[in-house]
Novice: 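Before we start, here is the structure in question, set down as structure tokens.
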Amino acid sequence: MVARVRSCTLVGIDAVPVDVECSVVAGQLPTFNVVGLPAPSVKEGLVRIRSALKAAGHALPLKRVTINLAPADLRKPGSALDLPTALAILIADETYAGTELDGLLVLGELGLDGSIRKVHGVLAAAMLARDLGLRGVLVPDACAAEALLVEDIEVYGARHLREVIEAFQGGSLPLPSRASTRRKRRRAFSVDMSDVRGQPYARLAIEIAVAGGHNLLLSGPPGTGKSMLARRIPTVLPTMTRGQALETTKIYSSVGLATGLVEDRPFRAPHHTISAAALLGGGANPHPGEISLAHNGVLFLDELPEFTRGTLEAMRQPLEDRQVTIARVQGTITLPASFLLVAAANPCPCGWLHSGVATCKCSLSAVARYRARLS
């Protein structure tokens with residue numbers, strides 16, 4: 001018998017459908033094969049699946065078990081295919097009918113004790129299920145709050161493999177309450193622009209930049225409040241619309257940083273030693289960088305001249321296009337990157353040029369070289 005369970009995998013921040021097909025054949029030497037371009041984390045899932053099935057009162061069939069991840073030409077990273085693979089094995093072995101999974105998109109990582117652990121990209125998976133016309137998703141209970149943000153689908157959250165098996169035996173899948181997972185919209189900040197005393201010109205410049213969506217460079221000696229002002233910029237930005245909040249949450253969900261709807265505008269402040277790949281996004285399986293994590297919010301680059309020239313030059317096109325395109329051998333993805341860029345810099349290497357507080361000891365050539373780092 002061949003069983004099929006619908007699941008998905010992440011490509012960038014978007015979910016792509018994957019069908020987990022399982023064939024169990026008796027009368028041959030027991031083997032377990034996974035085909036369809038699985039990543040090492042997917043192949044290692046056999047160890048987790050065997051232990052999880054045992055913890056739930058079942059055993060991996062001593063037969064020839066073949067798992068096919070379709071489409072075969074798409075690389076499947078991550079461990080979210082553990083749960084659909086385990087359920088496909090039980091169905092293909094004719095242990096259960098598995099009709100409860102009809103119309104559901106299933107994903108989750110299995111622990112050795114059978115627990116179902118949270119995975120990345122649950123919000124994107126729920127959006128995919130809605131777009132495909134499926135009735136809902138079965139996800140780890142720890143991620144159910146993300147899936148519940150998508151309207152018009154059913155969301156089932158499970159904590160243990162045993163809960164799903166009990167549903168196969170005539171029970172029902174656990175259904176989280178939308179009311180209990182919905183957060184009230186609030187704007188609570190630990191800092192606020194009203195805390196600032198003085199700095200009238202800097203505050204005026206920030207207000208103009210925020211109102212017009214302009215990028216901003218703050219230059220001045222150490223201790224004048226450049227970082228203090230920058231960290232308070234999100235407090236004067238308008239509240240995100242629901243569409244913007246869902247866009248931002250989808251990005252954060254893809255890297256495992258979302259616990260529900262991201263309602264406050266992001267503020268990202270990477271260190272100047274950051275690499276271009278970490279800032280723009282990338283990796284063998286491309287994932288969002290800091291400029292995408294700052295989408296609909298603020299990206300603050302403190303000590304701007306200390307960033308490498310290549311890293312800063314790489315930001316030119318994303319700043320203009322409000323998105324970043326990452327090309328790899330496996331394919332090309334485009335990630336959103338619409339943010340307010342705020343940078344801070346000293347006027348010279350020592351920071352005291354024209355400060356009136358301390359004497360600058362930098363030579364004219366040193367100041368010229370320092371400022372030339374910004375094209």
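Excluded from the calculations below are hydrogen atoms, water molecules and symmetry mates; all remaining heavy atoms, backbone and side chain alike, are included.
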Novice: Using a 3.5 Å distance criterion without hydrogens, assess whether the side chain of Arg265 forms a donor-acceptor pair with backbone atoms of Asn296.
Specialist: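 Yes: the side chain of Arg265 pairs with the backbone of Asn296.
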Novice: Enumerate the ring pair (Phe, Tyr, Trp, His ring centres under 6.0 Å) contacts for residues 22-47, please, sequence neighbours excluded, ordered by first and then second residue.
Specialist: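 Counting only pairs at least two positions apart or across chains, no ring pair (Phe, Tyr, Trp, His ring centres under 6.0 Å) contact touches residues 22-47.
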Novice: Between Gly256 and His120, which heavy-atom pair has the shortest distance, and what is it?
Specialist: CA-CD2, 3.4 Å
Novice: Between Asp82 and Arg117, is the closest basic N to carboxylate O distance under 4.0 Å?
Specialist: no
Novice: Kindly give the heavy-atom pair with the smallest separation between Arg48 and Ser79, and that separation in Å.
Specialist: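 Of all heavy-atom pairs spanning Arg48 and Ser79, the closest is NH2-CB, 3.6 Å.
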Novice: Tell me, please, which residues at least two apart from Tyr96 pass side chain to side chain donor-acceptor pair (under 3.5 Å).
Specialist: His58, Gln169
Novice: Would you check if the side chain of Lys76 reaches a backbone N or O of Ala39 as a donor-acceptor pair within less than 3.5 Å?
Specialist: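 No: the side chain of Lys76 does not pair with the backbone of Ala39.
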Novice: Quick one: list whatever passes side chain to side chain donor-acceptor pair (under 3.5 Å) with His271, sequence neighbours left out.
Specialist: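 Once residues adjacent in sequence are excluded, the partners of His271 under the side chain to side chain donor-acceptor pair (under 3.5 Å) criterion are Thr273.
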Novice: Nearest heavy-atom pair of Ile13 and Pro336: which atoms, and what distance?
Specialist: CD1-CD, 3.7 Å
Novice: Donor-acceptor check, side chain of Arg232 to backbone of Asp192, threshold 3.5 angstrom: yes or no?
Specialist: yes
Novice: Shortest non-hydrogen contact from Gly98 to Ile91?
Specialist: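 Minimum heavy-atom contact is CA-CD1, 3.8 Å.
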Novice: Answer yes or no: is there an ion pair linking Glu306 with Arg373, defined by an N-O contact shorter than 4.0 Å?
Specialist: yes
Novice: Pairing donors with acceptors under 3.5 angstrom, does anything connect the side chains of Gln199 and Tyr201?
Specialist: no
Novice: Between Pro270 and Glu290, which heavy-atom pair has the shortest distance, and what is it?
Specialist: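 Shortest heavy-atom separation between Pro270 and Glu290 comes out as CB-CG, 4.0 Å.
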Novice: Looking only at heavy atoms, what is the nearest atom pair of Ser253 and Leu123, with distance?
Specialist: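 Taking Ser253 first and Leu123 second, the nearest heavy atoms are OG-N, 3.5 Å.
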